[in-house]
Novice: 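Questions regarding the structure given below will be posed in turn.
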Amino acid sequence: MLKVVIAEDSRLERMILRKMLSRIPNLVVEGEAESGEELITLVEKTQPHIVFLDIDMPRMSGLEAAPEIADINPQIFIIFATAHEHYAKQAFDVYAFDYLVKPYDFERIQQTIDRIKSFLSQNTVLDSPEDGPQDSEDDPLDVNRQHLLIPSDENLLLVKVPEILLITRSERKTEIHTLTGTYKTNRPLEKLEAKLGNKFFRCHKGYIINVDMVLGFTPWGNKTYLVTLQHTKESALITIEKLKQFRETYCL
C-alpha cells in the first residue's frame, strides 16, 4: 500500500486531489497539511512514499519544504503541483519526481502513480540494524582513508571504505550501506564526502555512491536517474547534471 500526504493551502484543492487519489487502488492518503511547516511534521510522523506538494504556500513554500523532505528520506517521491508552469525548472532543481499543472487531471495523476509503482516493484529497501550511540564530530577516518569508525551499540565498528556501497539520509540520520550491513550515524553527508576520496561520488543531495559498485542508470522522473549498484537492491538517485559529471570524470 502506497502512503501519500497532501500539502496544499486550499481546502478545495485538497478535497479535489484526495477524491482523485481515492480512485487509485493500493493507495491511502495518510494526512493533509496547509503549510510547509505542517508538512515536515507530517512527513516525519507518517513516513509516506509520496508527497503531493503545492509550490505556493504561506510561510514555507513547497520549494523550501522539498529539501527538508529529502533530508528526512531522499527516496520520497515529491510531486509538485501549481497553476504556474514557470516554476517547473525550480521544481526539478530540488529533485521533484513529477510536476502537475492545475487544475488536476485524473489520467495524468494515474500515469504518475503507475510510474512510481513500477519503480518500487523493481527496488526493495534493505533492513537496517538498530541505532547505536550518537556519532561524534571528532571520530576521524584514518589517514589512509581505508577505514571509517562508526558507532554500533556500545562499540565502535571499523568499516572498510572499499566495502561501502552507498551512503544516504533517512529520518535525519546518515545510513552507511556496506557489504556486511547498514549502519546509522549523525555524521552529515558533507563531512563524509570530504573524507572519502575520489572513488566516492556525491550524485544527489541525499546520496554518495561508491563508483566501483555502480552497475548502471535508469530514468527516474524528469531530469533524474536511478543508480543501480552491485551487491544490493538498495539504489540511489542522480540528477542529469551529476550524471554528465560522472560520465566526464569516470567513463572512457
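These values consider heavy atoms only, across backbone and side chains, with no hydrogens, waters or symmetry-generated copies.
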Novice: Which residues end up grouped with L215 if you chain together Ile, Leu, Val, Met, Phe, Trp and Tyr wherever their side-chain heavy atoms are less than 4.5 Å apart?
Specialist: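 Grouped by the 4.5 Å side-chain rule, L215 forms a cluster of one, so the answer is none.
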Novice: To the nearest 0.5 Å, how far apart are CG in L189 and OG1 in T168?
Specialist: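 L189 atom CG to T168 atom OG1 measures 7.0 Å (nearest 0.5 Å).
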Novice: side-chain hydrogen bond (donor to acceptor under 3.5 Å, both in side chains) between N73 and S170: does it pass, once the steps are laid out?
Specialist: CA-CA 5 Å; N73 182 353; S170 179; 5.3 Å; no
Novice: Let me check something: do I113 and V28 share a hydrophobic cluster, defined by ILVMFWY side-chain heavy atoms less than 4.5 Å apart, either directly or through other members?
Specialist: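 Cluster IDs for I113 and V28 differ.
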Novice: Between F201 and K242, does the side-chain contact (heavy atoms from CB on, under 4.5 Å) criterion hold? Intermediate values first, please.
Specialist: CA-CA 9 Å; F201 183 67; K242 288 289 188 177; 4.1 Å; yes
Novice: Does a side-chain heavy-atom distance below 4.5 Å link Q75 with S235?
Specialist: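 Q75 vs S235: side chains touch.
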Novice: So, for F97 and F77, is the gap between ring centers shorter than 6.0 Å?
Specialist: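 Here the rings of F77 and F97 have centres that are less than 6.0 Å from each other.
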Novice: Do the side chains of L42 and V51 get nearer than 4.5 Å, heavy atoms only?
Specialist: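 Contact flag for V51/L42 side chains = no.
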Novice: Ignoring hydrogens and geometry, is there a side-chain-to-backbone donor-acceptor pair from H49 to K3 under 3.5 Å?
Specialist: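 Checking the backbone N and O of K3 against the side chain of H49, a donor-acceptor pair under 3.5 Å is found.
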Novice: By side-chain hydrogen bond (donor to acceptor under 3.5 Å, both in side chains), which residues pair with E193, not counting sequence neighbours?
Specialist: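 By the side-chain hydrogen bond (donor to acceptor under 3.5 Å, both in side chains) rule, E193 matches R202.
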Novice: Determine which pairs satisfy salt bridge (charged side-chain N to carboxylate O under 4.0 Å, His left out) with at least one residue from residues 36-55, sequence neighbours left out, and list them in order.
Specialist: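 Residue pairs passing salt bridge (charged side-chain N to carboxylate O under 4.0 Å, His left out), neighbours aside: E37-R59, E44-R172, D54-K102.
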Novice: Roughly how far, to the nearest 0.5 Å, is the CG atom of L27 from the CG atom of L2?
Specialist: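 These two atoms lie 5.5 Å from each other.
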Novice: Using 0.5 Å steps for rounding, measure from the OG1 atom of T218 to the CD1 atom of I238.
Specialist: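 It comes to 12.0 Å.
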Novice: Give me the atom names and distance for the closest heavy-atom approach of N26 to M1.
Specialist: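 Nearest heavy atoms, N26 then M1: C-SD, 3.1 Å.
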Novice: State whether the number of non-hydrogen atoms from other residues, nucleotides or ligands found under 6.0 Å of K199 atom NZ is greater than 12.
Specialist: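 Counting neighbours around NZ of K199, 12 or fewer heavy atoms of other residues, nucleotides or ligands fall under 6.0 Å, so no.
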Novice: Compare all side-chain heavy atoms of S35 with those of M60 and state whether any distance is below 4.5 angstrom.
Specialist: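 Not in contact.
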Novice: If every non-hydrogen atom of L166 is compared with every non-hydrogen atom of A236, which pair is closest and at what distance?
Specialist: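 Between these two residues, the closest heavy atoms are CD1-CB, 4.1 Å.
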Novice: Taking the side chain as every heavy atom from C-beta outward, state whether F106 and R23 have any atom pair closer than 4.5 Å.
Specialist: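 F106 reaches R23 side chain to side chain.
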Novice: How long is the straight-line distance from CD of E68 back to OG1 of T41, given to the nearest 0.5 Å?
Specialist: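 Going from the OG1 atom of T41 to the CD atom of E68 covers 10.5 Å.
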Novice: Determine, step by step, whether R108 and D98 satisfy the salt bridge (Lys or Arg N to Asp or Glu O under 4.0 Å) criterion, reporting the C-alpha distance in whole Å, the side-chain angles of both residues, the deciding distance to 0.1 Å, and the verdict.
Specialist: CA-CA 10 Å; R108 180 72 173 80; D98 208 347; 2.8 Å; yes
Novice: Would you please test R11 and E34 for salt bridge (Lys or Arg N to Asp or Glu O under 4.0 Å) and show each step?
Specialist: CA-CA 8 Å; R11 181 175 178 274; E34 296 183 11; over 6 Å; no
Novice: Specify the closest pair of heavy atoms between P74 and H204, including all atoms of both residues, with the distance to one decimal.
Specialist: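 So the two residues come closest at CB-CE1, 4.3 Å.
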Novice: Got a sec: does the CZ of F200 have more than 12 other heavy atoms crowding it under 6.0 Å?
Specialist: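 Atom CZ in F200 is crowded, with more than 12 foreign heavy atoms closer than 6.0 Å.
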Novice: Hey, does L53 have a side-chain heavy atom less than 4.5 Å from the side chain of I79?
Specialist: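 No. Closest side-chain heavy atoms not under 4.5 Å.
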Novice: Set out, in order, the CA-CA distance, both residues' side-chain angles and the distance that settles side-chain contact (heavy atoms from CB on, under 4.5 Å) for T182 and T178, then state yes or no.
Specialist: CA-CA 6 Å; T182 302; T178 77; over 6 Å; no
Novice: Could you give me the CA-CA distance, side-chain angles and deciding distance for Q245 and Y250, then say whether side-chain hydrogen bond (donor to acceptor under 3.5 Å, both in side chains) is met?
Specialist: CA-CA 8 Å; Q245 182 182 342; Y250 298 105; over 6 Å; no
Novice: If you look at every heavy atom in L237 and V227, which pair is closest and at what distance?
Specialist: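 That closest heavy-atom pairing would be C-CG2, 4.2 Å.
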Novice: Taking side chain as C-beta onward, heavy atoms only, is V29 less than 4.5 Å from K19?
Specialist: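 Not touching, per the 4.5 Å side-chain cut-off.
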Novice: Taking atom CG of L165 and atom CG of L229, what is their separation to the nearest 0.5 Å?
Specialist: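 Answer rounded to 0.5 Å: 6.5 Å.
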Novice: Between L192 and T174, is there a side-chain heavy-atom distance shorter than 4.5 Å?
Specialist: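 The answer is yes, as the side chains (C-beta and beyond) meet within the 4.5 Å cut-off.
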Novice: How long is the gap from NZ on K195 to CD on E190, to the nearest 0.5 Å?
Specialist: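 Separation between the atoms: 14.0 Å.
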Novice: Is it the case that the ring center of F246 lies less than 6.0 angstrom away from the ring center of F217?
Specialist: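 Ring centres of F246 and F217 closer than 6.0 Å.
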Novice: Identify the two heavy atoms, one from M20 and one from Y104, that lie closest to each other, and give their separation to 0.1 Å.
Specialist: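 Distance-wise, the nearest heavy atoms are CE-O, 3.4 Å.
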Novice: Find out whether T180 and E163 are in side-chain contact, i.e. whether some heavy atom of one side chain is under 4.5 Å from a heavy atom of the other.
Specialist: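 They are in contact (side-chain heavy atoms under 4.5 Å apart), so the answer is yes.
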Novice: Applying ring pair (Phe, Tyr, Trp, His ring centres under 6.0 Å), run through F52 and F80 and close with a yes or a no.
Specialist: CA-CA 6 Å; F52 282 86; F80 277 110; over 10 Å; no
Novice: Run the side-chain contact (heavy atoms from CB on, under 4.5 Å) test on E32 and V5 for me, step by step, so that the C-alpha distance in whole Å, both residues' side-chain angles and the decisive distance to 0.1 Å come before the verdict.
Specialist: CA-CA 6 Å; E32 301 176 4; V5 297; over 6 Å; no
Novice: Between N210 and V161, which heavy-atom pair has the shortest distance, and what is it?
Specialist: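 For N210 versus V161, the nearest heavy atoms are ND2-O, 4.3 Å.
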